[in-house]
Protein chains: 2
Amino acid sequence: MAITQSADNRHSKPVLVAVNNTLDENDGLEALRSHALFSSLKSNDLDSLIHQSRRLRLGHHQLLYRQDMPAHHFFFVLSGRLRLYRLDSSGIDRTLDSIAPGDCFAEVMIYADPPRYACYAEALKSSEVLMIPVKAYQELLDQRPEYAQAALRHYAMRAVSRFHDLEIMTVQNARDRLIRYLIDLLPNGTHEGGEVELPLPKCLVASRLAMQPETFSRILADLKANGLVRVNRSKLFISDPQRLIAISQ
Amino acid sequence: MAITQSADNRHSKPVLVAVNNTLDENDGLEALRSHALFSSLKSNDLDSLIHQSRRLRLGHHQLLYRQDMPAHHFFFVLSGRLRLYRLDSSGIDRTLDSIAPGDCFAEVMIYADPPRYACYAEALKSSEVLMIPVKAYQELLDQRPEYAQAALRHYAMRAVSRFHDLEIMTVQNARDRLIRYLIDLLPNGTHEGGEVELPLPKCLVASRLAMQPETFSRILADLKANGLVRVNRSKLFISDPQRLIAISQ
DNA sequence: TTGAGTAGTTGAGTTAAGTCAACTATTCGC
DNA sequence: GCGAATAGTTGACTTAACTCAACTACTCAA
């Protein structure tokens, strides 16, 4: 069955209206089975949850949900990439996070009353997500309270991760914020160099780090000129993270 | 029995060494019973948890725990006030949160492996905290998995709250960050004015908002000169929050 | 109560980062 | 593969915020 959704883009558009395709294909669900939230679930419990979920395709810049909208679903990213952002009273768009395939998100407001999304979520490119009904998950937790431990662990990690994000933002100058952001993207910590891919377009990384796109561009050009990073589109190669850290002081 | 603790202050000192006073006094525990984490606990389960906990007095500037220290306890504030901070590689002290009586904290790393504290915690003035052993709480959750739901709700709220803190920090100028910080301190939202008390000394609020103390002082002086706030030590009176929001654009 | 130490304020000069504008490069839909 | 729209870069100029310094006001403990 077709995915029914209002197809508008950007801030102006209505969002998810109704979706009724059943999830008959099984591809992409291995990642779901190995996610920390679901790996402890008994096979039939997970199957039941998946059965009640829907697969949803999103186009470039398509909005998945709005801030303060009642939250009936949470999401698992099968492919593509999404971003979370908030709009303040003056309508300024503040990017707060990006979500990659294999990530589970939007759980944050589930236990608020009434449950509402804490931000906007939109696709950065064409993406596919699994919509998991909050009600189905809560019923599962009611039946098997031992599953809550995995959820607890997941939330605790998320809180620590946001705490760390906040730490970076208390760094007072733009260059050092950017350097710390890049270091955190390195998979193997600070001892090994490596290639990192910016999880957002540069202008949105700039917004996430509370600086102007021009400032971001200039800082990156300067790091490049000093041989600290090599830049190839959204891919950055950092050969010596220790040197980067050293200059950020 | 006496509280045994190395009594040094500030960054140099060792911390909690051993504590062995039993919690025989009962005052201050009503707040604990009404905390979201514990209010759903059966009376005897909570009593057992309290029985395994210890009351701890902290002096002004005394350190409770260090970042990366194994986390054997989490804490409930009975009186006083604490702050959470991190030290980066250059030793700069970054204040990230303050904790008031009735708050429960340090839970964040409990489910990491190995469980470790994600930051430093120190008393801002003489304070009293309840040290709850992580092990005792985990055993309780193992026995009664239904209790995990309350913990889940608590963590979810914390994650949203950190998310919101992050949003403020993506605001690019110091004045608007300070205004949004003040607005968030108002108990009744933005429609009513009121008096707020800064939860940290001004120099630490400045650090929390990624600005210099001088900048903080100048912005506050300017808001005062424009009749937007009245300042009395750490107490601020905001008569018209809407006007404050209006100028922050 | 006093005096040392910390916290907060104010001024003057400097610098980092924002703004505006012009331009180039890239992406995506047709 | 073309062209419009978006994203990214660079330069010139302006402004917000930092730095350093001098000072005042608290706080706490002897």
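Here is how names work: the chains are called A, B, and so on, in the same order as the sequence lines, proteins then strands, and each is numbered from 1. Side chains are part of it too, since the values below use all heavy atoms of this structure and drop only hydrogens, waters and symmetry mates.
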For nucleotides 18-30 of chain D, 5' to 3', base contacts (B), sugar-phosphate-only contacts (S) and non-contacts (-) with protein non-hydrogen atoms under 4.0 Å give SBBB----SS---

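Sorted by first then second residue, the salt bridge (Lys or Arg N to Asp or Glu O under 4.0 Å) pairs that include residues 174-187 of chain B, not counting sequence neighbours, are A/Asp88-B/Arg180, B/Glu167-B/Arg180, B/Arg175-B/Asp222.
One atom, CG of B/Asp176, and another, P of D/dA17, lie 8 Å apart when rounded to the nearest Å. Rounded to whole Å, atom P of C/dT6 lies 19 Å from atom CG of B/Leu200. At whole-Å resolution of the value, CD1 in A/Ile219 and C1' in D/dG8 are 15 Å apart. For the pair B/Arg175 CZ and C/dG18 P, the interatomic distance rounds to 17 Å; values are reported in whole Å. At whole-Å resolution of the value, CG in A/Asn232 and P in C/dA25 are 15 Å apart. For B/Leu204 and C/dG8, the CG to C1' distance is 12 Å, given to the nearest whole Å. With rounding to whole Å, A/Leu198 atom CG is found 15 Å from C/dT26 atom P. Following rounding to the nearest Å, B/Asn173 (CG) and C/dA16 (C1') show an atom-to-atom distance of 15 Å.
Salt bridge status for B/Arg83 with B/Asp93: present, with a side-chain N to carboxylate O gap under 4.0 Å. The pair B/Glu197-B/Lys235 meets the salt-bridge criterion, since a charged nitrogen lies less than 4.0 angstrom from a carboxylate oxygen. Note on B/Arg208 versus B/Asp165: salt bridge recorded, some NZ/NE/NH1/NH2 to OD/OE distance being below 4.0 Å.
A rotation axis mapping the C1' atoms of four pairs onto the next four is fitted at both ends of the helix from C/dT1-D/dA30 to C/dC30-D/dG1 over five pairs, and the angle between these axes is 60° to 10 degrees.
Distance check, rounded to the nearest 0.5 Å: SG of B/Cys119 to CG of B/Leu96 gives 7.0 Å.
Closest to the A/Lys202 side chain, of the nucleotides D/dT9, C/dA7, D/dA16, is D/dT9.
Within the 4.0 angstrom heavy-atom criterion, no nucleotide atom of any strand lies near B/Pro213.
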Using the ring pair (Phe, Tyr, Trp, His ring centres under 6.0 Å) rule, take B/Tyr65 and B/Phe75 through it: C-alpha gap first, then chi angles, then the decisive distance, then the call. CA-CA 11 Å; B/Tyr65 56 75; B/Phe75 303 88; 5.6 Å; yes

